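The block underneath contains the structure these notes are about, expressed in structure tokens.
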Amino acid sequence: MDRLAAARQQRQQQSGIEMNRLPPNNPPGLGEASGGARSAAPTFLAEVASIEQDIQQLNQNVASISATRSHYLTSIDGTEAEDNDKLENLTVETRQLTQRIKSRIQELEGQPQYDTQIRKNQSYQREEHESDQKARQQISKQLHLVKPDATPEDVKAFIDSGQQQVFAQALTTSTRYGESRTAYREVQERQQDIHRMEKTLAELAQLFNDMAVLVEEQEAVITAVENTAVDIEGNTKVALDNTKEAVISAKRYRRGRWICFGIFVVICSPPTMTKGNSSSRRRRASLDLVDAKQAVDLATAQTYSENVFLFVPNLIGYARVILAGLALHYMSYHPKYCTLAYGISCLLDAVDGHAARALGQTSKFGAVLDMVTDRCTTSCLLCYLASAYPPYAILFQFLIALDFSSHYMHMYSHKLVTSDVSRILWLYYNDSRTLFFFCAGNELFFVALYLMKWTSGSLGLSGALSTVTWPQAIAILTFPIFLGKNIINVVQLWKASKILVGVDLAEREQARLAAKTS
């Protein structure tokens, strides 16, 4: 019992020494430091969460701008103005949101940094203050065990006096074993509280480290969002400019289709003949057999076995007309379908002639249908190119006029072309390989010019050809063929003109001789 009492007295003296070290009041700045630490962390985390929500809204705005721009470029239902307003509103909102996020991040960066040592010192001060309060409470409980009728003033006076010997002696001489056990359990609870405080301090340090990593990660995200917003703004301006050009081109293309239709009607309409030249036209070999009324009656009464309209070459010609119409329909908004239909129509031009000769189904109707289809198909494409390239519209109009005039006059001159008249024209019309080479190369050049308005990716070549696209490469390769084809058209126009003038002179000479003999 003496050793137990001595041990209790020694522990009580040590407790008294610790209590003497504790200040009676809160240390200066402790409430402010602890309150600031408690309030700063939740406020900082709430600000980080709010910034993440703004970033999500910014990503949604970017997706909305992309979808609206795609709809704006592909829509043909007359909602361009609404899409344009929506794009402008989304762009302004995205720019404002970007600036707000940037400013909020800068504000977070400007706040004081809570390094690990400061946070530990503040936590230790807070825990020291709480330990002081618990020690005072524990001394009060022990004093009430010794003196149950002690008042709060007595407890305060006892603690302030720093005299622990009376209290220790009372505990030593006391025979109340249960009260001693209670004091021992309270000491154990205090030790457990200290362990929990250590664990809380470690968790708080880890929390601040995670917050620092999160801020660094968000800085990279904000930088990427700013760059994306700048790119979106630039792409939006480019898209608006391209859309305006597309609308203007579409309007010009609609006018060009009516021009092509008028040209088609003019070509298909029969030429007006005066009394002075009607007799000479009847002397053409193709009309010497029957007159117009008999020809109409024969065409109406023809049977299925000998129906010129149903000849295989003529059916191929009908298919070419349909494909040309499809190409004209898709020309202003779907380059793949347009190119496919136009290419098949041009390739069938090389098939109908071979089919006619192989099946013995050559006809003047088929020859005229083939020529009219060729002229109209090429003219429709040239009308679109004139609207797509306004600075070169006069050049495309000249090519249309040259193509029509040279072939029309050549047809009117009975195609009386031999090697003596023109070696170039004789080789062009009598060698099928030469004819296919120039016609295919000329059409491929026009198709390449059409696809240049829809293609932007380069071939990846080096040097001066680093920006060349594949349609531009095809146009460069086929340009000499296009130039040779139009030189042939000029030669054909000039030779046909001279043939017609020569026929006129011969007929006038025959008329004068007939007048003299009569």
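Note that the structure is predicted; figures quoted are calculated from it, not measured. Note that these values count all heavy atoms, side chains included, but never hydrogens, waters or copies made by symmetry.
The backbone N or O of Val308 lies less than 3.5 Å from a partner atom in the side chain of Asn314, making a donor-acceptor pair. A donor-acceptor contact shorter than 3.5 Å links the side chain of Ser406 to the backbone of Asp403. Side-chain atoms of Gln492 do not come within 3.5 Å of backbone N or O of Leu425 as any donor-acceptor pair. With hydrogens and angles ignored, the 3.5 Å screen pairs no side-chain donor or acceptor of Arg375 with any backbone N or O of Phe404. Side-chain atoms of Thr339 come within 3.5 Å of backbone atoms of Pro335 as a donor-acceptor pair (strictly under, hydrogens ignored). Side-chain atoms of Asn235 come within 3.5 Å of backbone atoms of Asp231 as a donor-acceptor pair (strictly under, hydrogens ignored). Side-chain atoms of Ser405 come within 3.5 Å of backbone atoms of Leu402 as a donor-acceptor pair (strictly under, hydrogens ignored). The backbone N or O of Phe482 sits less than 3.5 Å from a side-chain atom of Asn486, completing a donor-acceptor pair. Judged purely by atom type and a 3.5 angstrom limit, Thr517 uses its side chain to pair as donor or acceptor with the backbone of Ala514.
Here the CD-CG distance, from Glu52 to Leu214, works out to 5.5 Å after rounding to the nearest 0.5 Å. The distance from atom CG of Leu310 to atom OH of Tyr318, rounded to the nearest 0.5 Å, is 7.0 Å. Rounding to the nearest 0.5 Å gives a distance of 10.0 Å between NZ of Lys485 and CG of Leu399. Taken from OG in Ser379 to CZ in Phe396, the straight-line distance is 13.0 Å, to the nearest 0.5 Å. We find the CG-OG distance between Leu382 and Ser387 to be 11.0 Å, quoted to the nearest 0.5 Å. Distance check: Thr98 OG1 to Leu58 CG gives 4.5 Å after rounding to the nearest 0.5 Å.
Ring orientation note: the planes of Tyr450 and Tyr384 are nearly perpendicular, at an angle over 60° on the 30°/60° scale. Using the six-membered ring where Trp is involved, His334 and Tyr337 have ring planes that are parallel, under 30° apart on the 30 and 60° scheme.
Looking at every heavy atom in both residues, Pro480 comes nearest to Ile476 through CD-O, 3.6 Å. Between Leu427 and Thr434, the shortest heavy-atom contact is O-CB, 4.0 Å. Among all heavy-atom pairs drawn from Asp352 and Arg320, the shortest one is OD2-NH1, 4.2 Å. Across all their heavy atoms, Cys439 and Tyr428 have their closest contact at SG-OH, 3.5 Å. Of all the heavy atoms in Ala355 and Pro313, the pair that sits closest is C-CG, 4.0 Å. For the pair Gly441 and Thr478, the tightest heavy-atom approach, listed with the atom from each and the gap, is O-CB, 3.8 Å.
Under the 4.5 Å side-chain criterion, counting only non-hydrogen atoms from C-beta, Thr378 is in contact with Tyr342. Looking only at side-chain heavy atoms (C-beta outward), Met331 and Leu381 come within less than 4.5 Å of each other. Side-chain atoms of Leu340 and Lys336, non-hydrogen and from C-beta on, never get closer than 4.5 Å to each other. Looking at Arg433 and Phe438, their side chains never come closer than 4.5 Å, going by heavy atoms from C-beta outward. Within the 4.5 Å cutoff, the side chain of His407 has heavy atoms near those of the Asn489 side chain. The shortest distance between side-chain heavy atoms of Val230 and Glu226 does not fall below 4.5 Å. Residues His410 and Tyr429 are in side-chain contact: their nearest non-hydrogen atoms beyond the backbone lie under 4.5 Å apart. Annotation: side chain of Phe365 is not in contact with side chain of Phe311 (no heavy-atom distance under 4.5 Å).
The stretch residues 87-101 participates, sequence neighbours left out, in these salt bridge (charged side-chain N to carboxylate O under 4.0 Å, His left out) pairs: Arg95-Glu233.
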| message | Run Gln472 and Thr469 through side chain to side chain contact (heavy atoms under 4.5 Å, CB included) and show every step you take. | response | CA-CA 5 Å; Gln472 291 176 343; Thr469 61; 3.2 Å; yes
| task | Mind running side chain to side chain contact (heavy atoms under 4.5 Å, CB included) on Leu385 and Lys453 for me, showing each step along the way? | result | CA-CA 9 Å; Leu385 294 178; Lys453 298 296 293 184; over 6 Å; no
| Between Val421 and Trp426, is a side chain to side chain contact (heavy atoms under 4.5 Å, CB included) present by the stated rule, with each step listed? | CA-CA 8 Å; Val421 176; Trp426 181 85; over 6 Å; no
| request: Before giving the answer on side chain to side chain contact (heavy atoms under 4.5 Å, CB included), spell out for Leu97 and Ile101 the whole-Å C-alpha distance, their side-chain angles and the decisive distance to 0.1 Å. | output: CA-CA 6 Å; Leu97 186 59; Ile101 294 173; 4.1 Å; yes
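The local environment of OH in Tyr392 is sparse, with at most 12 non-hydrogen atoms from other residues, nucleotides or ligands closer than 6.0 Å. Environment of CD1 in Ile424: sparse, with no more than 12 heavy atoms of neighbouring residues, nucleotides or ligands closer than 6.0 Å. Within a 6.0 Å radius of CZ in Arg508, other residues, nucleotides and ligands contribute 12 heavy atoms or fewer.
Between the side chains of Arg104 and Ser50, at least one donor N or O sits under 3.5 Å from an acceptor N or O.
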